[in-house]
Amino acid sequence: MRVLILNGSPKKVSDTMQLTNAFLEGLNEVGDNEVEIIHVIEKKIKPCLGCFGCWRNGDGKCVMQDDQNEILEKYQQADLIIWSFPLYCFGIPSHLKAVLDRMIPLVRMKMEERDGVVYHTQLADFERMKHVVICGAGFPQSDRNFEGVSVTCDKCFSNCTKIFVPETPLMNVPEWKDLADRKRGFFREAGREYYRKGRLALETMEKLEELMIPNEEYLEIVNRQ
Ligand SMILES: Cc1cc2nc3c(=O)[nH]c(=O)nc-3n(C[C@H](O)[C@H](O)[C@H](O)COP(=O)(O)O)c2cc1C
């Protein structure tokens, strides 16, 4: 598989990438993959200007001259795109959101209705592509924390497996290494499963998304700082 990882954490040592790297290890244990990781924060990606120049040209490219067109090309060549990012204000971090907004050259203005839902018609072959979203977050179990980002993923990504992980700052605390290793182990196993089956079983998802420590204990640790 050609795997493209879009790392949306701006940090040198990302909590979320610990999980994504473990997932990738699993994928690579069973498959012969060609992998590219793009650290989005290092790219020059301006916000979308809403000019619709891409739709007028209809060539699948953005009219702005920065790093986005290179990402659009790699994105279309990939079989699997992994969106790895921390949850920011219940959504996608702005620098990665700019990449997503500027994917509109890959659809056309023309709309169509399928099963009662209106979509833009596609320029890229989205049916062929698979998406995995790995989103880390600082809150423990928290009401509606991932709700917004979940809708965005459903609407924007074809064939999407969404993995929402609470308490990810624990992935980089030496004191909690055992718990982090256990979580990494689940992600490695999930990578293997995903390569073989193209999806993850409910039991697997539960392990990936479960709290590493109970709410109360987590709050106590955070509030000790
Ligand atoms: C600007 C900002 C906004 C954040 N918003 C949320 C949020 O809405 N919900 C949440 O659970 N965590 C939030 N967090 C915490 C991060 O998601 C968390 O620290 C995550 O582990 C960072 O992952 P990374 O190391 O991969 O960047 C926020 C952090 C920052 C810096």
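Just so you know, these numbers come straight off a predicted model, no measurement behind them. Read the numbers this way: they start at 1 and go in the same order the structure lists the ligands and their atoms.
- Arg184 and Gln18 share a donor-acceptor pair across their side chains, judged by distance under 3.5 Å alone.
- Taking each heavy atom of Asn7 and His39 in turn, the nearest pair found is ND2-ND1, 3.0 Å.
- When hydrogens are left out, the protein atom nearest atom 27 (O) of ligand 1 is Ser9 OG, 2.7 Å; that is the closest non-hydrogen contact.
- Residue Leu87 has at least one nitrogen or oxygen atom sitting less than 3.5 Å from a nitrogen or oxygen atom of ligand 1, judged on distance alone.
- Within the 3.5 Å criterion, the main-chain N or O of Ser158 finds a donor-acceptor partner in the side chain of His131.
- Of all atoms in ligand 1, numbered sequentially from 1 with element shown, those under 4.0 Å from a heavy atom of Gly138 are 10 (C), 11 (O), 12 (N), 15 (C), 16 (C), 17 (O), 18 (C).
- Ion pairing between a basic and an acidic side chain is recognised when a charged N comes within 4.0 Å of a carboxylate O; Glu189 and Lys207 show such pairing.
- Within ligand 1, counting atoms from 1 as listed, the ones closer than 4.0 Å to a heavy atom of Thr168 are 20 (C), 21 (O).
- Under 4.0 Å is where a charged nitrogen must lie from a carboxylate oxygen, and between Lys61 and Glu73 no such pair does.
- Looking at atom 30 (C) of ligand 1, its nearest protein heavy atom turns out to be Tyr88 CE1, 3.4 Å.
- Remark: ligand 1 atoms within the under-4.0 Å shell around heavy atoms of Pro169 are 19 (O), 21 (O).
- Between the side chain of Asn69 and the backbone N or O of Cys62 there is at least one donor-acceptor pair closer than 3.5 Å.
- Numbered from 1 in the order shown, with element, the atoms of ligand 1 that lie under 4.0 Å from a heavy atom of Cys89 read 3 (C), 4 (C), 5 (N), 6 (C), 7 (C), 8 (O).
- Counting heavy atoms under 4.0 Å from ligand 1, residue Asn145 touches it through the side chain alone.
- Atom 22 (C) of ligand 1 has its nearest heavy-atom neighbour, among Pro86, Ala137, Pro10, in Pro86.
- Of the N and O atoms on the side chains of Thr121 and Glu112, not one donor lies less than 3.5 Å from an acceptor on the other residue.
- Heavy-atom proximity to Lys11, at under 4.0 Å, picks out these atoms of ligand 1: 24 (P), 25 (O), 27 (O).
- Close approach of ligand 1 to Gly136 (heavy-atom distance below 4.0 Å) involves ligand atoms 17 (O).
- Using cut-offs of 30° and 60° for the angle between ring planes, the Trp83 and Tyr75 rings count as perpendicular.
- Summary of contacts: the protein heavy atom closest to atom 8 (O) of ligand 1 is Phe90 N, 2.9 Å.
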